[in-house]
Asker: 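Got a structure for you, written out below as C-alpha cells; questions coming shortly.
Naming: A, B, ... by sequence-line order, numbering from 1 per chain. The model shown is predicted, which means the values in this text are computed figures rather than measured ones.
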Amino acid sequence: MAMLSGWHRRMCEEDFKLMFGLFWSMRALATALDPKNPTKQQMGAPMRIGDGCSFNSFRTSSYKLHFLESPSGLKFVLTTDPSVGSMSEQLQYIYASLFVELVVKNPLYTPGEPFLFEPFSAALNKYMRTLGLLS
Amino acid sequence: MPTLYSLWIVGRNGGLLYSRDFVQLPPIEFNDKLRLASSWFGMCGISAQLSPVPDSSGIQLMQADTFDLHSFHTLTGTTFMLLTEPHTPDAAELLRTTVYELYCDYVLKNPFHEMDQVIKSELFDQNLVERCQAINRRWGVGA
C-alpha cells in the first residue's frame, strides 16, 4: 500500500494484508472460472502479472471497489458508492496521466515506498471532482 | 451476447452443494470447484470486513474481464453464484426470484433434504436447466 486517502475507518497493517490476499485470490478465482479460456493452468500454479483473467471491480450492498493492476504489479484501488458505473478508463487515466507523470517522474519517489506528494494529491482531488465523485 | 454460464450453490459453511453449467464450458476439476467455492465464501466475508463504510453485505457482483459473477446471499447464509457473460441483464433479479424459488420449491420443501448437504434433486436440476436454457435461447445461445 503506497498511498491511501479517504477511508472512513482506520486501517491497520492487518487490513492491508487481508486486502492483498483478497485481490490475489480474486485474480486466481477469475482465472480459474474464466469461461473463454479452454487452456487453463492448474489452479494454484504461480501466475505472472497480467496472465490469466483479471477482475475489474466488485460490489457489495454498501460500496463498490474498482481495481487496476499496472504491468509492473502496482495495484490501484478505488472505492465508491455501489451505484457508480465502470471506472476502468478513469483508473487507467489516474495511472497513466497522474501517477506516472507526478509520482514516477518525481526524483524523490522510491518505487515500493509510501509517498505523499502534494501535486499528485491535488491533481487527484481535482480529477475526482471533475468526475463528480467528490464534493 | 448475454449468456448464463453456470450456477453454483454454496452452503453455510462454505461447502459446494451444487454446480451446473448451462452451456459448454472448459471443465473445472471437482476438487478445484470445492476450493473455488470455499474461497469465494471467504472472499465475501473479507470484503464485508474491509468495507470503507459500516454494515456492508458480502459481494453481490464481481466483474472480471470475461465474465460477471453474481452472488446472492440468502438470509439463512446460503450463497448462490451465477456466472454470466459481462453485462447480462437481469441476472441478479433472476437469482433472487427464479433460482431462489426453484431452490425453495424443489430442494427445501423436500422432506428428505438436509441443510448443507449436497443437492441431488432431479426435479430442481431439470427445472433449473430448462428455465436457464430458455433464457439463453431467447438471447440466441444454443446449449
Asker: How long is the span from the CE atom in Met43(B) to the CZ atom in Phe55(A), to the nearest 0.5 Å?
Answerer: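 These two atoms lie 9.0 Å from each other.
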Asker: Side-chain contact, heavy-atom cut-off 4.5 Å: Ser51(B) with Ser62(A)?
Answerer: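 Contact flag for Ser51(B)/Ser62(A) side chains = yes.
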Asker: I'd like to verify something: which residue of Arg35(B), Lys33(B), Glu29(B) has the highest number of heavy-atom pairs under 4.5 Å with chain A?
Answerer: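 Ranked by heavy-atom pairs under 4.5 Å with chain A, first place is Arg35(B).
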Asker: Do Val104(A) and Phe117(A) belong together in a cluster built from hydrophobic side chains that touch within less than 4.5 Å?
Answerer: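 In one cluster: yes.
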Asker: Counting heavy-atom pairs under 4.5 Å with chain A, which one of Leu36(B), Ile28(B), Asn31(B) comes out on top?
Answerer: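 With the most close heavy-atom pairs to chain A, the winner is Leu36(B).
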Asker: Determine whether more than 12 heavy atoms belonging to other residues, nucleotides or ligands lie under 6.0 Å from atom NZ of Lys36(A).
Answerer: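 Yes, because the 6.0 Å sphere around NZ of Lys36(A) holds more than 12 heavy atoms from other groups.
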Asker: A quick test of your reading: do over 12 heavy atoms of other residues, nucleotides or ligands sit less than 6.0 Å from CH2 of Trp139(B)?
Answerer: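 Yes, because the 6.0 Å sphere around CH2 of Trp139(B) holds more than 12 heavy atoms from other groups.
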Asker: Between Leu4(B) and Leu61(B), is there a shared hydrophobic cluster once you connect ILVMFWY residues whose side-chain heavy atoms come closer than 4.5 Å?
Answerer: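 Different clusters.
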Asker: On a heavy-atom basis, which atom in Pro35(A) and which in Phe67(B) lie closest, and how many Å separate them?
Answerer: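 Looking at all heavy atoms of both residues, the closest pair is CD-CD2, 3.5 Å.
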Asker: Output the distance between atom OG (Ser47(B)) and atom CE (Met19(A)), rounded to the nearest 0.5 Å.
Answerer: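 Reported value, rounded in 0.5 Å steps: 10.5 Å.
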Asker: Starting from the C-alpha separation in whole Å, work towards a yes-or-no answer on side chain to side chain donor-acceptor pair (under 3.5 Å) for Thr60(A) and Gln60(B).
Answerer: CA-CA 5 Å; Thr60(A) 76; Gln60(B) 293 173 340; over 6 Å; no
Asker: Report, by ascending residue number, the residues of residues 76-85 of chain B in heavy-atom contact with chain A at a distance under 4.5 Å; give 'none' if the set is empty.
Answerer: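 Counting heavy atoms that sit under 4.5 Å from chain A, the residues of residues 76-85 of chain B involved are Leu83(B), Glu85(B).
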Asker: Supply the atom-to-atom distance Leu22(A) CG to Ile46(B) CD1, rounded to the nearest 0.5 angstrom.
Answerer: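 Rounded to the nearest 0.5 Å, the CG-CD1 separation comes out at 6.0 Å.
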Asker: Using modelled atom types and a 3.5 Å cut-off, is there a donor and acceptor pairing between side-chain atoms of Asp65(B) and backbone atoms of Cys53(A)?
Answerer: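 No, because the side chain of Asp65(B) does not come within donor-acceptor range (under 3.5 Å) of the backbone of Cys53(A).
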Asker: With heavy-atom distances below 4.5 Å as the criterion, would you say the side chains of Leu29(A) and Leu69(B) are in contact?
Answerer: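 Yes, side chains in contact.
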Asker: Determine, using the 4.5 Å side-chain heavy-atom cutoff (strictly less than), whether Ile49(A) and Phe20(A) are members of one ILVMFWY cluster.
Answerer: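 In one cluster with Ile49(A): Phe20(A), no.
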Asker: With a 4.5 angstrom heavy-atom cut-off, which part of Asp68(B) approaches chain A: side chain, backbone, both or neither?
Answerer: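 Looking at Asp68(B), nothing touches chain A.
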Asker: Counting only non-hydrogen atoms closer than 4.5 Å, does Ser39(B) touch chain A with its backbone (N, CA, C, O), its side chain (CB onward), both, or neither?
Answerer: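 Answer is side chain: those atoms of Ser39(B) sit under 4.5 Å from chain A.
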Asker: Side-chain contact, heavy-atom cut-off 4.5 Å: Met62(B) with Leu65(A)?
Answerer: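 Side-chain contact under 4.5 Å: no.
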Asker: Would you call Trp8(B) and Leu33(A) a side-chain contact if the rule is heavy atoms closer than 4.5 Å?
Answerer: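 Yes, at least one pair of side-chain atoms sits under 4.5 Å.
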Asker: More than 12 heavy atoms of other residues, nucleotides or ligands under 6.0 Å from CG of Asp55(B): is that the case?
Answerer: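 Open: at most 12 neighbouring heavy atoms sit under 6.0 Å from CG of Asp55(B).
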Asker: Is it the case that one hydrophobic cluster holds both Leu68(A) and Val100(A), taking links as side-chain heavy atoms less than 4.5 Å apart, direct or via other members?
Answerer: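 Yes, same cluster.
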Asker: When you measure from the side chain of Ser57(B) to the backbone N and O of Ser61(A), does any donor-acceptor pair fall under 3.5 Å?
Answerer: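 Yes; judged by distance alone, with no hydrogens or angles, the pair exists.
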Asker: Which pair of heavy atoms, one from Ala64(B) and one from Ala30(A), lies closest together, and at what distance?
Answerer: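 The pair with the smallest heavy-atom distance is CB-CB, 4.2 Å.
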Asker: Heavy-atom distances under 4.5 Å only: say whether Ile59(B) touches chain A with side chain, backbone, both or neither.
Answerer: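 Its backbone and side chain both get close to chain A.
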Asker: Hydrophobic clusters here meaning ILVMFWY residues chained together by side-chain heavy-atom distances under 4.5 Å, can you tell me if Leu108(A) and Leu102(A) are in one?
Answerer: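 Yes: a chain of side-chain contacts under 4.5 Å links Leu108(A) to Leu102(A).
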Asker: Show, in sequence, the C-alpha distance, side-chain angles and deciding distance for Gln63(B) and Phe67(A), and conclude whether the side-chain contact (heavy atoms from CB on, under 4.5 Å) test is met.
Answerer: CA-CA 10 Å; Gln63(B) 294 179 301; Phe67(A) 177 81; over 6 Å; no
Asker: Step by step, work out the side-chain contact (heavy atoms from CB on, under 4.5 Å) result for His70(B) and Arg59(A).
Answerer: CA-CA 10 Å; His70(B) 294 266; Arg59(A) 177 160 65 75; 5.5 Å; no
Asker: When you compare the side chain of Leu18(A) with that of Gln49(B), does any pair of heavy atoms fall below 4.5 Å?
Answerer: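 With C-beta onward as the side chain, the pair touches.
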